[in-house]
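Inspection log for the structure reproduced underneath, given as structure tokens.
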Amino acid sequence: PATDVSGVGPKIGEKLAAIGIQSIEDWLFTLPRRYDDYTKMLPLNRVRPGLIVTLIGTVRNVVVTRPRKGAEVLNITITDGTGALTASFFNQSYLVGRFEVGQQVVFSGKTGVYQSRLTMNNPEWEFVEQEALHTRGIVPVYPLTKGLSDHQMRKFSRRVIEQYAPNVPDYMPESVLERMDLADLSWTLNQIHFPDSLEALQLARRRLAFDELILLQLAV
């Protein structure tokens, strides 16, 4: 069962079931619905509004504002020496203690502009010294349901892939893999969830597409 994954309890298990994941096998073959390519980072002075990007900078100031009654906005401004960006977190003022002036941080999300300033609303973030699982590289975006976040799905999916993908038996004969120049199933599952490169992702997709076609052919 999917609840065998470390950190996945009954409540998360119910949410996973809502998107069709009840077993480890379901999870291995529930593929990302898209990928965000964060491998190319731009200096802040080259960033324009309307881009989905990952940016690194040093925290310059941390301010909580209250634009209207009952609302709070945490504004984190970063700079990289070429420009600045203000990330706004709405009704997440509890994060204020996490950020300090001088820290290096990574923000990922869609850029905008407000009062001639470059902005990003509710971005994903990490401090630079942490593992860049959620904000750098080619990042998988999974199907979700209410109460299940992108962050959680990536974290748990990483555990599933690391623990179970190496032990998945490959049903395709090795002679077929060699003749068709196809990747083995364990490698394919690893790369389809957390690709090392766009080229690796294409090879993984090719293997799974071949599987779909040959299984359909066998059924016919």
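No hydrogens, no waters, no symmetry mates; every other heavy atom, side chains included, goes into these values. These numbers come from a predicted model, not from an experiment.
Annotation for Val64 and Arg66: closest pair CG1-NH1, 4.2 Å, computed over non-hydrogen atoms. Of all heavy-atom pairs between Thr188 and Ala204, the closest is CG2-O, 3.5 Å. Among all heavy-atom pairs drawn from Val168 and Ser186, the shortest one is O-OG, 3.5 Å. Of all the heavy atoms in Gln103 and Glu100, the pair that sits closest is OE1-N, 2.7 Å. The two residues Leu44 and Ile78 make their nearest non-hydrogen contact at CD1-O, 3.9 Å. Contact between Pro49 and Leu118 at its shortest, heavy atoms only, is N-CD1, 4.3 Å.
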Please walk me through it: do Phe194 and Tyr35 pass ring pair (Phe, Tyr, Trp, His ring centres under 6.0 Å)?
CA-CA 9 Å; Phe194 296 97; Tyr35 303 85; 9.4 Å; no
Could you give me the CA-CA distance, side-chain angles and deciding distance for Val139 and Asp150, then say whether side chain to side chain contact (heavy atoms under 4.5 Å, CB included) is met?
CA-CA 10 Å; Val139 178; Asp150 282 320; over 6 Å; no
Test side chain to side chain contact (heavy atoms under 4.5 Å, CB included) on Leu144 and Gln152 and set out the steps.
CA-CA 10 Å; Leu144 299 173; Gln152 288 174 310; over 6 Å; no
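Side-chain contacts under 4.5 Å among hydrophobic residues (ILVMFWY), followed directly or transitively, place Leu216 together with Val220. Other members of the cluster containing Trp187 are Leu203, with ILVMFWY side chains joined at under 4.5 Å, either directly or via other members. Hydrophobic cluster membership of Phe90, counting Ile, Leu, Val, Met, Phe, Trp and Tyr whose side-chain heavy atoms lie under 4.5 Å apart directly or via other members: Val73.
From Asp36, atom CG reaches atom OG1 of Thr54 across 8.5 Å, with rounding to the nearest 0.5 Å. Atom CG in Leu55 sits 4.5 Å away from atom CE in Met120 (nearest 0.5 Å). Put simply, CD1 on Ile56 and CD on Gln104 are 7.0 Å apart, with the number rounded to the nearest 0.5 Å. The distance from atom NZ of Lys110 to atom CD1 of Ile52, rounded to the nearest 0.5 Å, is 6.0 Å. Rounding to the nearest 0.5 angstrom, the gap separating the NE2 atom in His151 from the CD atom in Glu126 is 7.5 Å. Here the CG atom belonging to Leu185 is positioned 11.0 Å from the CG atom belonging to Asn190, to the nearest 0.5 angstrom.
Among residues two or more places apart in sequence or in another chain, the side-chain contact (heavy atoms from CB on, under 4.5 Å) test is passed with Val176 by Met172, Pro173, Arg179, Met180, Phe210. Here Thr77 pairs with Asn61, Thr86 under the side chain to side chain donor-acceptor pair (under 3.5 Å) rule; sequence neighbours left out. Under the side chain to side chain donor-acceptor pair (under 3.5 Å) criterion, Ser197 pairs with Glu199, not counting sequence neighbours. For Arg33, the side-chain contact (heavy atoms from CB on, under 4.5 Å) test picks out Val141, with sequence neighbours left out. For Pro43, the side-chain contact (heavy atoms from CB on, under 4.5 Å) partners at least two apart in sequence or on another chain are Asn45, Arg46, Asp80, Thr82. For Arg60, there are no side chain to side chain donor-acceptor pair (under 3.5 Å) partners at least two apart in sequence or on another chain. For the side chain to side chain donor-acceptor pair (under 3.5 Å) test, no residue two or more places apart in sequence or in another chain qualifies with Asp184.
When side chains are defined from C-beta on, Tyr142 does not count as touching Ile19, because their heavy atoms never get closer than 4.5 Å. Using a 4.5 Å heavy-atom threshold, the side chains of Ile21 and Met153 count as touching. With a 4.5 Å cut-off on side-chain heavy atoms, Trp27 and Leu16 count as touching. With a 4.5 Å cut-off on side-chain heavy atoms, Leu201 and Ile192 count as touching.
A perpendicular orientation is assigned to the rings of Trp125 and Phe89, their planes being inclined by more than 60° (bins at 30° and 60°).
Both Phe99 and Tyr94 belong to a common hydrophobic cluster when Ile, Leu, Val, Met, Phe, Trp and Tyr are linked at side-chain heavy-atom distances under 4.5 angstrom. Put simply, Phe107 and Leu51 are part of the same group of oily side chains (I, L, V, M, F, W, Y) that touch within less than 4.5 Å, one to the next.
In this structure, the side chain of His193 does not engage the main chain of Arg158 through any donor-acceptor pair within 3.5 Å. Using modelled atom types, no side-chain atom of Thr3 and backbone atom of Pro10 make a donor-acceptor pair closer than 3.5 Å. A donor-acceptor pair under 3.5 Å is formed between the side chain of Thr111 and the backbone N or O of Gly50. In terms of modelled atom types and a separation under 3.5 Å, the side chain of Gln191 and the main chain of Asp196 share a donor-acceptor contact.
Annotation: side-chain hydrogen bond (donor to acceptor under 3.5 Å, both in side chains) contacts involving residues 5-26, sequence neighbours excluded, comprise Ser23-Asp26. Under the side-chain hydrogen bond (donor to acceptor under 3.5 Å, both in side chains) criterion, the residue pairs touching residues 207-220 are Asp170-Arg207, Tyr171-Asp211, Arg207-Asp211, with sequence neighbours excluded.
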